[in-house]
Each structure stands twice: as structure tokens, then as C-alpha cells.
Number of protein chains: 2
Amino acid sequence: MEVFPGKILIVDDEPDIVEFISYNLKSKGYLIAAAKDGVEAIRKAKDFRPDLILLDIMMPNKDGIETIRELRAMPEFDDTAIIFLTALNDEKYEIEGLKIGADDFISKPIKPELLATRIGSALRRFRKDEEQEQKQTFGDLEINKTKFTVSYKGVDILLAKKEFELLCLLASKPGRVFLRNEILQRVWGTDVIVGDRTIDVHIRKIRQKVGIDLITTVKGVGYKFEMS
Amino acid sequence: MEVFPGKILIVDDEPDIVEFISYNLKSKGYLIAAAKDGVEAIRKAKDFRPDLILLDIMMPNKDGIETIRELRAMPEFDDTAIIFLTALNDEKYEIEGLKIGADDFISKPIKPELLATRIGSALRRFRKDEEQEQKQTFGDLEINKTKFTVSYKGVDILLAKKEFELLCLLASKPGRVFLRNEILQRVWGTDVIVGDRTIDVHIRKIRQKVGIDLITTVKGVGYKFEMS
DNA sequence: ACGCCAGATTACGGAATTGTTAAGAAGCAA
DNA sequence: TTGCTTCTTAACAATTCCGTAATCTGGCGT
């Protein structure tokens, strides 16, 4: 019986609030990480891979709305629940927040029981996919996000992290063309700036390692994943 | 004398009650420890490793609800039965108590026979899981969580505690990648901060002692358990 | 045919990450 | 205390990964 309830990332610029929430959730067995602003939040989220993010709206450096936009743009956070923390009377944000991908919001001041309940139900909504392995299959190709592996006809193919992430992105919408720009933002993030050829090189490595032609080039536009 | 029935930790701030229960249970062969509040309870529980905890709800320093939460958050108490002691008319607590992991509750004033019966059945419910050894086998490798041993092809391998815990965690979900972060939190705990190389060193020792390649490194991500 | 352009390919160096080792600190038992 | 094991750290080695630049290829319009 080693089920642990989940990993939660708390994002707030007020240390007291972080401390308070952190204490409450730790006592319920959650694993906790914290960030003090949007920039840090995205960095830590990549690293920590939380099941749920508690996101304050008002923050320096990068506010909650902007942060959630970027998170939602990255495929790796597709199944991460996000709950907004708002000051009372901030209804205008709440609506906007829900529109762009928040799953719930909680008004400050925070009541522990309410927090626990909301977190529990948000996690439950997302959990069902998460319990079992997250994998996709396309014919003979299998991409397993839980195991970080790709296999073709049962044979494992060893991809590096960036290669794997890139393939995951393309495979998330088979047939759809991803613009180079979009790929950059979603795999590398908004802050990171890399040259244009970088994508090509990674695409090439994937093609080379996998052996078959899964990625089609759409000249002047981008790339798409497609089993021939 | 038959086999000893079990170890029980009594947690109550009123010495009379502790004394009364203690006397009753000792006469039935149980080993008894006592604590006067939640803080002491957790400390003694770690030390004494009771099979069952009798926990008063109303206590100074840290109440029963909070205490049980913390206990249930620790994996080492997964198979410890917990029975609440409540004053009459405290039904609201009873429901909450059961929700967060109590196995039964007994209303004060306490009747000795009732106490013995309830304890007996609570222990019996937990005992059967405990009786059989919790072990996993992967090919020639066997991990025995009750005996704290690992063996390969029948030969015992002596792992240190941290090494064993680390291996257990990885082996709990074969194939799944555990992020370094997650490993740190789940093996070392949330508060403890250790350097990054610490994990590697332990991984190395496991690999060295076991001899075969069970643990695969996923660069930039973490480690996973995998029989080749 | 020529030049142009977007992408393909290749190789290389720096950066980031992990492996390895040894030594000291901390813990524990006798 | 002493002697032992375990844990952690720090330093260095080894490895892998990533981004870039330089060069190549093939399609397209002129």
C-alpha cells in the first residue's frame, strides 16, 4: 500500500502562503514543490512534473494568466491540473482563467478543508489516465511517456530527451502540421532561443534512429507526424 | 503462553485512561506503549512500531485528526491499525476520522470487553496482509520487503537501508521512470536536502552489489528499474 | 542552366549530466 | 570509547547531449 496522493507545485510570491499550503498538503502525504513566480514555476514544473499546480494570479515577473498560457501550450502539461489562487473579488480573472485552461480556482484567504477537497476532486478528474501508463501506439510504433521509451516492432529505440519530447509533440496530433515556431515554443519554451537549424538536426536524429519515415517535412511550413 | 497478540500504542492525555486501558490490555498479553499527545505519539510510533494505535481525538499539542493524517502519510504505518477514542456524541469526528484512515472507533467511557473485541478484530483484519511476506520477484531477482532482503539466483545480497529503499521505490513500478526529484522526496523525505550526487552514489552501490543491470539511467530525467 | 531557398546532413566543441572514487561525517553496537 | 557500517559530500573523469556552423541536396522560378 504505497499509494501516494500526488505531486503538487505551489506558485505564489508570498512565502507565508506557500509555507501554509505546503504544510497542510505535506501532512496529507502530497509531495510538494514551490515557486515564487511564473518563470520559476515553469522551470520547476518541467523538472518536478507535478500532477497539479496551485497558481497565484498576481505575481511579479510573470503573472498567473501568462504562466498558465505557456504551460498549456506545452504538451507535457496536458494532463496536469491547474488551480488558480485568487484574492477575493477577482472574478474577472476567474472567468479568463477558466477560459484558458484552469480547472478550478480558490479564493484567498484559503481554508485548509476547502483546499484539500478541491485538490482531491481536481486530481480525481485527471487521475484516471494517469494511473495507467501513458502510451500511444501507431501501427508498429509505440510511444510510452511513463517509461520514456519508443519502440518499433517491439524493439526499443533509445531517444535523447529533446528528441523524445519533439516526437511526443508531433505524435500528439498525427497528421497535423506543426509550425517551426510552434515547435520551438512548445519543446524549448518561450525564453530559450535557439537557431533554426536546431530543429532539423533533432528531426534528423529521430528519423535516423527510428529508421522509418514517420515525420514528413512540409516545406516552408513545418513538420508533421504521419505513419506511411 | 501462546504467541503474543501484538503491540499497542495508547495515545491519550489523561493518565487515568491510559492506565486503565494499559492494565486491561497487558493482562491479555499485549505489549503496551503510551503517549500523551500527538507529537509524542508520532515519535513513539516510529520507535515502537505498534501493530495498533489507540488514538484519542481531543488532545493538546496535536489533535487526533491531525495525528492520524501524519501517520497515514508515512508509508511505514500503512499496515498499522488505528482506532479512535471519542467522547460520546462526537459523531462528526467519527466520520472524518474514518475518511482519513481510522479503522474503527470506540466511544468513552470504555468498556473492557468491547475494547478487547474491537482490538482483536482490527488486528485480525490487518494481520493477514502482514502474515504473508511482501515480496516481489523479477526473473532471478527477489525483493522481500518484510525481511529487508534482496537475493539474486537464491544468493542473498546485503543492501544498506537507503539502498534498499531506493531499490524498492524503483521496483514498485518496473519500467516507469522516476524523476530524480521524486526519488529524493520519496526516499529521503520532503525536508531533507541532500546533494545531487547522493542518488548516483547509491544507485552505483546497488548496481555494484547486485551485479546485473537492473537500473537504467534516463539522462536528464531520472532512473528506472528494468530487467534486461 | 543558373541562382536561390528551405531543408538535410555532417562534424565538432561546449555544456550539462552522470559515473566513480575516496575521504570524512554521522550513526550504531559492543 | 572503539571499531564498525552507512551516508553524504566533493572532486574529478567519463559520457552524452545539444546547438551551431559549414557544407550539401533537390526543387523551383527565371
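Residues B:Val218 and B:Gln208 both approach DNA chain C. Their nearest nucleotides, taken by heavy-atom distance, put B:Val218 toward the 5′ side.
Atoms CD1 (A:Ile215) and C1' (C:dA8) sit 13 Å apart, rounded to a whole Å. In this structure, B:Lys162 atom NZ and C:dG27 atom P are separated by 11 Å, rounded to whole Å. For the pair A:Asp200 CG and C:dA6 P, the computed distance is 12 Å after rounding to whole Å. The distance from atom CG of B:Leu184 to atom P of D:dC7 is 15 Å, rounded to the nearest whole Å. Rounded to whole Å, atom C1' of D:dC17 lies 13 Å from atom CG of A:Leu159. Between the NZ atom of A:Lys46 and the P atom of C:dT17 there is a distance of 12 Å, given to the nearest Å. Nucleotide C:dG7 holds its C1' atom 16 Å from the CG atom of A:Leu179, rounded to whole Å. If you take CD1 of A:Ile203 and P of D:dT20, they are 16 Å apart, rounded to a whole angstrom.
Closest contact between the side chain of B:Ala160 and the listed nucleotides C:dT9, D:dT8, D:dT6 involves D:dT6. Side-chain proximity of A:Thr198 to D:dG19, C:dT9, C:dT18: nearest is D:dG19.
The shortest distance between the side-chain N/O atoms of B:Arg207 and the OP1/OP2 oxygens of C:dT20 is not below 4.0 Å. OP1 or OP2 of D:dT8 lies within a sub-4.0 Å distance of a side-chain N or O belonging to B:Trp188. For C:dG19, one of the phosphate oxygens OP1 or OP2 lies less than 4.0 angstrom from a side-chain nitrogen or oxygen of B:Thr217. Contact check, B:Arg197 against C:dT20: no side-chain N or O comes under 4.0 Å of OP1 or OP2.
With hydrogens and angles ignored, the 3.5 Å screen pairs a side-chain donor or acceptor of A:Asp51 with a backbone N or O of A:Lys7. A:Glu182 places no side-chain N or O within donor-acceptor distance of the main-chain N or O of A:Phe178, the cut-off being under 3.5 Å. Listed for the A:Lys209 side chain is a donor-acceptor partner under 3.5 Å among the backbone atoms of A:Leu158.
Using a 4.0 Å heavy-atom cutoff across all strands shown, B:His202 reaches at least one base atom of the nucleic acid. Within 4.0 Å (heavy atoms only), A:Tyr223 reaches sugar-phosphate atoms of the nucleic acid but no base atom.
Side-chain contact annotation: A:Thr217 with A:Arg207, donor-acceptor N/O pair under 3.5 Å present.
B:Lys219 contributes a side-chain N or O that forms a donor-acceptor pair with the base of D:dT16 under 3.5 Å.
One distance of note links CD1 of B:Ile143 with SG of B:Cys168; it measures 5.5 Å at 0.5 Å rounding.
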